[in-house]
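The sequence lines fix the lettering, A, B, ..., with proteins before strands; numbering per chain opens at 1. All figures in this text were calculated on a predicted structure; none of them were measured in a lab. Just so it is clear, the values below take in all heavy atoms, side chains as well, and ignore hydrogens, waters and symmetry mates.
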There are 2 protein chains.
Amino acid sequence: MSRPRISDVAAAAGVSVTTVSLVLNDVESRISESTRRRVREAADAVGYAPSSVARSLRTRQTRTVGLISDRIATTPFAGRMLAGAQDAARENDHLVIFVDTGGDDEVERDAIAALRAQQVDAMIYASMWHRVVEVPASLPAGTVFLDCRPEHGGFPSVVPADREGGYAATRVLIEAGHRRIAYLDTSDGPIASFLRLEGYHEALTEAGIPIDPALHIRGGESTAQGAREAAERLLDLPEAQRPTGIFAFNDRMAVGVYNAAHRRGLRIPDDLSVVGYDDQLLVAAEQDPPLTTVALPHYEMGRWAMEVALGVRADGDSDATHRMECPVIRRDSVGPPPAHVAKQSRRRTT
Amino acid sequence: MSRPRISDVAAAAGVSVTTVSLVLNDVESRISESTRRRVREAADAVGYAPSSVARSLRTRQTRTVGLISDRIATTPFAGRMLAGAQDAARENDHLVIFVDTGGDDEVERDAIAALRAQQVDAMIYASMWHRVVEVPASLPAGTVFLDCRPEHGGFPSVVPADREGGYAATRVLIEAGHRRIAYLDTSDGPIASFLRLEGYHEALTEAGIPIDPALHIRGGESTAQGAREAAERLLDLPEAQRPTGIFAFNDRMAVGVYNAAHRRGLRIPDDLSVVGYDDQLLVAAEQDPPLTTVALPHYEMGRWAMEVALGVRADGDSDATHRMECPVIRRDSVGPPPAHVAKQSRRRTT
DNA sequence: GTGAAAGCGCTAACAT
DNA sequence: ATGTTAGCGCTTTCAC
């Protein structure tokens, strides 16, 4: 009752194991058509499936790739990176061995060692948010960095184009007619925070809108709670200074803005427009009104990383950072500024 | 520059490969202490790490487990199942090969075949939500079902105790003094929907509260949008019938209740109490006020499934469904019913 | 067009 | 207390 081996198939078909291996792997076509058929039928009959383990030992290829991450499993939206990597792996007949280290360095070391011992064909090192990471010593060359950049380069990596995303988010507000646009930033200080701020500044400057430091405000650790308080401070600014549009560092913080607006009796988008970031599943689209936001291309990044790791993609330079576009998702949280303000800004363009 | 093999270590230590294998695997202690040390040093010196592939071929054990799921990677909260399974695997020196089939049957078949070819030591079949699944033909015996039950039994499985959860959610409201409690159900009709309804009825009956069919209402496909409309209908009920507390099928729908309350100018929990289900990451705790809810024990279920799959757990009968408790998470969305209603209910208990 | 045999790197039964 | 050796199940070179 143990699984059939290649020799069982050979016996059943009355040929040698060489022949079986040759036909089952579609190697050369010098085997006659009739033999091929006989082998195939014998394989079916005995229910043969080659042992990946034995094959791997012989070929030194396992058709597996290791995906090691700090905390993807417990970060809601990050699952899409896994899905993207997964799909690309499947399309290329690879299995993914997934390890979530929970951010523990020792676990990480062990995981890398285990993955190497398994002889994975490739490796991906993923972070749950865009950051610069120290490269663990034992990481194999060619490891692809996903949603993070290796400190001193030397590896291909893919991250979101946060600067362009911040620019795009701000443009959405500018194009709707807003002139007093706030950036509700996080206090955590991730790379993305600075990048998005740069994009925000760039869009403002380009539109001839002076940068008002009072409109760049930090709202705690990017939770709805902290953001609500910061947003309330923004909404309590004197009439002439108060923003009519707020670009929040991420969707969670945008929810804080919603909450602040509710507390002040302001309606979105009539009295206040807001743009988020992340396109967080089950958050952005579920707001009332649904939130206009900039999507983090997690699925695509995961797919890119896997394709580069597997070598089926040309643009995966061994030492370049690929910055992936973050598309604007237009929903219903942005409108023109309130009438009295709009008039003033409209005067400019007419 | 290719990786060192066991014979390299043997040569370096001046012993046979048997000896090396014996000491590195801590088998028997008949090897002298000095030899052991010599072997260890030699192994370190040449940077030896055994090849899992070769070992697996020989031992017929791969120390890997296959985790196949329909759509876990793209379901935000489900990542916690992965984390639980992952942690348990690591504690038992196993790696997890993860496949997300996206719900495609053909992909699923291929994945099972690939996992069997890899000779995984165990297998887990996970669903993103509690349901009864058809058992794929080729699934190995002993496969553990996670967050789903196999149609005709025959496998160990773990699911949330939804009935008890529905009961607990309703109790929270009853204990706060509510008597008119609605159950805002989903129209999708998953098992959990019926189970939670049963728990709701049981709690009501036990408390001597008559069941009012008008208070069991379905709100579309468990999105905030559909739930908001249904909740508005609930809030538009005549004063004497209108619920003072709403138990929503899940957190997303609870958010719909929040939105409905906002639109009606009702404050939570002063004018209306609400209880959700799932304890959805970045949703439940982020509401204003934070949502009281019943947690789906995803992490624990994932861990349980892995421990049973690995055989390190006693209660994993080969044909029993383990129902795991869903703990109540008390936050700030439940208070006593509004004064005029509260009086009436208080009269009963004094 | 097909087969024999070596060997991938390990473990473990059997010798010594 | 340590060594020899036969596989685990496959691929692939070389011979016929």
Does B:Leu95 reach the side chain of B:Thr64, with side-chain heavy atoms less than 4.5 Å apart?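 Result yes, sub-4.5 Å side-chain heavy-atom pair found.
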With a 4.5 Å heavy-atom cut-off, do A:Arg3 and A:Ser51 have their side chains touching? yes
Within the 4.0 Å heavy-atom criterion, would you say B:Val53 contacts the bases, only the backbone, or no part of the nucleic acid? nothing
Interatomic distance, [X] [atom1] vs [N] [atom2] [rounded to whole Å]:
X	N	atom1	atom2	answer
A:Arg37	C:dT2	CZ	P	12 Å
B:Leu22	C:dA13	CG	P	11 Å
A:Asp26	D:dT12	CG	C1'	16 Å
B:Arg38	D:dA1	CZ	P	14 Å
A:Arg5	D:dG7	CZ	P	11 Å
A:Asp8	D:dC8	CG	C1'	14 Å
B:Leu57	C:dG9	CG	P	12 Å
B:Ile6	D:dG3	CD1	P	12 Å

Check this one for me: any side-chain N or O of [X] less than 4.0 Å away from OP1 or OP2 of [N]?
X	N	answer
B:Ser32	D:dT2	yes
A:Ser16	C:dA4	no
B:Ser21	C:dT11	yes
A:Arg60	C:dC8	no
A:Arg58	D:dC10	no
A:Ser51	D:dG9	no

For A:Arg55 and for B:Thr59, locate the closest nucleotide of DNA chain D by heavy-atom distance; then report the residue assigned to the nucleotide nearer the 5' terminus.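 Closer to the 5' end of DNA chain D: B:Thr59.
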Regarding D:dA1, can its base be found pairing with the side chain of B:Thr35 as donor and acceptor, where the two atoms are less than 3.5 Å apart?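 Counting by modelled atom types and ignoring angles, no donor-acceptor contact under 3.5 Å is found here.
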Got a donor-acceptor pair under 3.5 Å from the side chain of B:Thr18 to the base of C:dA12? yes
Would you call the rings of B:Tyr125 and B:Phe145 parallel, tilted or perpendicular, taking 30° and 60° as the class edges? tilted
Under 3.5 Å, is there a donor-acceptor pair between the side chain of A:Arg38 and the main chain of A:Ala13?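 Present.
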Compare every heavy atom of B:Gly66 with every heavy atom of B:Leu115, then report the nearest pair and how far apart it is.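 So the minimum-distance heavy-atom pair works out to CG-CA, 4.0 Å.
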What nucleotide, of D:dT2, C:dT11, C:dC10, holds the atom closest to the side chain of B:Tyr48?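 Shortest atom-to-atom distance from the side chain points to C:dC10.
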Among the candidates C:dC10, C:dG3, D:dG3, find the nucleotide nearest to the side-chain atoms of A:Thr19. C:dG3
